[in-house]
Visitor: 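Handing you a structure now.
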Amino acid sequence: MQILIKNGTIVTSSETFSSDIFISEGVIRRIEPEIEPSCCNRIIDATGNYIFPGGIDPHVHMHLPTSAGFSSDDFHTGSIAALHGGTTTLIDFVTPHRGQNLPEALENRIAEAEKSLIDFSFHISPVEWSDSTAHEIKECIREGVNSFKVYMAYKNTVGLNDHDILNVMTAVGNAGGIVTIHCESGDETEILRNNLFNDGHTGPSFHPLSRPAGLEADAVRRATEMAAGSDCPLYIVHLSAKESLPFIKQAVIRGHRIFAETCPQYLLLDDTVYTNDFDETAPFIISPPLRRKKDSDALWLALNEGIINTVGTDHCPFTLDQKRSGLNDFRKIPNGSGGVEHRLALLFTYGVLTGRISLNRMVDLFSTRSSRIFGLYPKKGTILPGSDADLVIWNPGPENTISVKTHHQNCDINIYEGIKTRGYAEYVLARGRIIKDKEEIIYPETKGRFLRRRTLLL
Ligand code: URP
Ligand code: ZN
Ligand code: ZN
């Protein structure tokens with residue numbers, strides 16, 4: 001298949017220019033003005049539209065097992081939702097059972113992800129430390145997974161204590177990988193949650209009180225110290241609190257390889273959603289919880305300053321029925337919300353169009369920086385001859401209103417319900433195939449590939 005995209009405005013993380021793009025066999029071959037339209041199967045006229053590299057979502061949880069059942073999108077439905085929002089690569093997670101070998105858990109998870117229409121990779125979560133973990137980490141890196149995820153929270157399930165986190169960081173740092181980390185001090189959170197519940201505070205509005213910003217900041221401080229001490233690159237996921245930012249800034253100034261991600265929910269929503277009504281509040285039970293308006297403002301500034309490097313979605317939808325597992329006990333509400341398809345529209349509308357970030361910075365946050373941090377660049381995350389033809393042709397004009405009635409994720413709730421956006425992904429190409437053409441997914445049988453990532457050069 002040969003495709004020629006004509007008359008678009010190409011936007012990368014560093015440049016904006018007008019050019020044509022010629023694609024064959026899934027790869028960008030030429031980027032030049034006025035390419036002759038001979039020998040193409042398809043010509044797309046992108047006049048008036050932007051062309052961005054396909055989005056890389058560095059943080060999604062498809063088909064995540066929890067005590068309330070699996071998160072409601074699997075790799076098939078989740079990848080369709082992703083495509084509608086211009087995302088062409090997903091980085092999900094491998095969460096082994098205790099006692100399970102990490103490469104074996106990876107193999108099982110790859111099999112689950114084969115339903116994805118778009119390319120995918122994983123961060124692997126050691127949920128315990130044993131004599132063989134360091135060796136298993138090296139094996140995973142040989143298999144093409146160079147990032148590992150540890151949780152300071154969720155001490156009853158997947159969380160690790162600081163001693164084991166340090167062991168993981170040392171092993172990953174020595175093997176040339178990167179540790180990604182959920183920063184909330186786990187022991188203290190457990191105590192607060194249990195105290196609130198035992199005092200009769202059972203409703204969902206107590207969730208944010210059990211996970212204060214200070215416990216994120218304290219975890220960020222410890223995580224950056226541990227990463228510096230073990231000389232391991234660190235990527236802090238879903239940063240939510242203003243108080244956490246100085247610790248990242250200090251670590252960066254000291255020359256440590258520290259990166260941070262935030263998510264649209266922390267940029268655009270705030271804790272006023274936590275009311276006493278269960279069904280209204282439960283959709284917003286996520287960890288860390290939504291913060292105050294001043295936190296969102298500080299996160300936007302940090303995105304611009306480069307203290308926060310990426311915007312992922314932490315896509316982890318649960319239906320209202322699943323959320324109701326915690327009707328009488330907020331601790332049992334499955335944590336998470338969906339958003340994989342809204343990231344670009346929200347960044348474009350509330351970042352670029354409000355003047356908070358430039359178009360090029362948006363591309364960096366949406367795609368390029370994740371490809372560099374996690375070892376996919378320049379195959380993914382940019383528009384260069386030789387790169388995979390993963391592209392979004394973005395029409396900046398149309399207005400939309402986010403709603404469960406029109407979204408594509410497999411869920412009956414949407415935390416962005418009613419929010420207005422500008423622009424939409426008119427075409428999305430994944431490895432040179434036009435998979436999304438206007439409103440339609442035209443190759444629903446497409447198979448994404450497991451991406452083997454390089455050892456990092458950070
Ligand atoms: O509430 C959230 N974020 N759920 C997904 C799991 C996680 O902590 O990232
Ligand atoms: Zn998390
Ligand atoms: Zn997550």
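First listed ligand is number 1; within each ligand, the first listed atom is number 1.
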Visitor: I need the minimum non-hydrogen distance between Ala241 and Ala213, along with the two atoms involved.
Guide: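 Minimum heavy-atom contact is CB-CB, 3.7 Å.
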Visitor: Please identify which of these residues, Phe366, Tyr427, Phe348, Tyr424, meets the ring pair (Phe, Tyr, Trp, His ring centres under 6.0 Å) condition with Trp394.
Guide: Phe348
Visitor: Of all N/O/S atoms in Asp314, which lies nearest to the Zn ion (ligand 3)?
Guide: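 Looking only at N, O and S atoms of Asp314, the one nearest the Zn ion (ligand 3) is named OD1.
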Visitor: For the salt bridge (charged side-chain N to carboxylate O under 4.0 Å, His left out) test, which of Lys380, Arg449, Arg452 pairs with Asp119?
Guide: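 Exactly one candidate clears the test, Lys380.
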Visitor: Glu243 and salt bridge (charged side-chain N to carboxylate O under 4.0 Å, His left out): which single residue from Lys249, Lys294, Arg292 fits?
Guide: Arg292
Visitor: Spell out, as yes or no, whether a donor-acceptor pair under 3.5 Å connects the side chain of Ser337 to the backbone of Phe284.
Guide: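 Side chain of Ser337 to backbone of Phe284: no pair is present.
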Visitor: Check His182 and report its N/O/S atom nearest to the Zn ion (ligand 2), by atom name.
Guide: ND1
Visitor: What are the atoms of ligand 1, with element, lying closer than 4.0 Å to any heavy atom of His61?
Guide: 5 (C), 6 (C), 7 (C), 9 (O)
Visitor: Tell me, which protein residue and heavy-atom name are nearest atom 3 (N) of ligand 1, and how many Å apart are they?
Guide: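 I find the closest protein heavy atom is Asp314 OD2, 2.6 Å.
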Visitor: Checking ring pair (Phe, Tyr, Trp, His ring centres under 6.0 Å) between His408 and each of His84, His76, His315, which is the one that passes?
Guide: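 Among the candidates, only His84 passes.
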Visitor: Output the list of atoms in ligand 1 that are nearer than 4.0 Å to some heavy atom of His59, sorted by atom number.
Guide: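 This gives 9 (O) as the contact atoms.
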Visitor: Give me the residue, atom name and distance of the protein heavy atom closest to atom 1 (O) of ligand 1.
Guide: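 Protein heavy atom at minimum distance: Ser287 N, 2.8 Å.
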Visitor: Any nitrogen or oxygen of Lys149, main chain or side chain, under 3.5 Å from a nitrogen or oxygen of ligand 1?
Guide: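 No; every N/O pair is 3.5 Å or more apart.
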Visitor: Below 4.0 angstrom from a heavy atom of Ile286, which ligand 1 atoms are there? Numbered from 1 as shown, please.
Guide: 1 (O)
Visitor: Among all the protein's non-hydrogen atoms, which is closest to atom 4 (N) of ligand 1, and how far away is it?
Guide: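 Going by distance alone, atom 4 (N) of ligand 1 is nearest to Asn335 O, 3.0 Å.
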Visitor: Mind checking whether the Zn ion (ligand 3) has an N, O or S of His59 under 2.8 Å?
Guide: yes
Visitor: In the protein, what heavy atom is nearest to atom 7 (C) of ligand 1, and what distance, to one decimal place, separates them?
Guide: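 Residue, atom and distance for the closest contact: Tyr154 OH, 3.5 Å.
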Visitor: Kindly compute the distance separating CE (Met362) from OG1 (Thr368), expressed to the nearest 0.5 Å.
Guide: 10.0 Å
Visitor: Could you tell me whether Tyr151 and ligand 1 have an N or O pair separated by under 3.5 Å?
Guide: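 For ligand 1, there is no N or O atom that lies under 3.5 Å from one belonging to Tyr151.
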Visitor: Kindly indicate, with the supporting measurements, whether the criterion salt bridge (Lys or Arg N to Asp or Glu O under 4.0 Å) is fulfilled by Asp271 and Arg291.
Guide: CA-CA 5 Å; Asp271 62 0; Arg291 305 292 184 193; over 6 Å; no
Visitor: Would you mind running through ligand 1 and noting each atom that sits below 4.0 Å from a heavy atom of Gly336?
Guide: 1 (O), 2 (C), 4 (N)
Visitor: Number the atoms of ligand 1 from 1 as they appear, then name those within less than 4.0 Å of a heavy atom of His182, with their elements.
Guide: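 Reading through ligand 1 atom by atom, the close ones are 8 (O).
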Visitor: Rounded to the nearest 0.5 Å, what separates atom OG1 in Thr95 from atom OH in Tyr154?
Guide: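 Output value for this atom pair is 11.0 Å.
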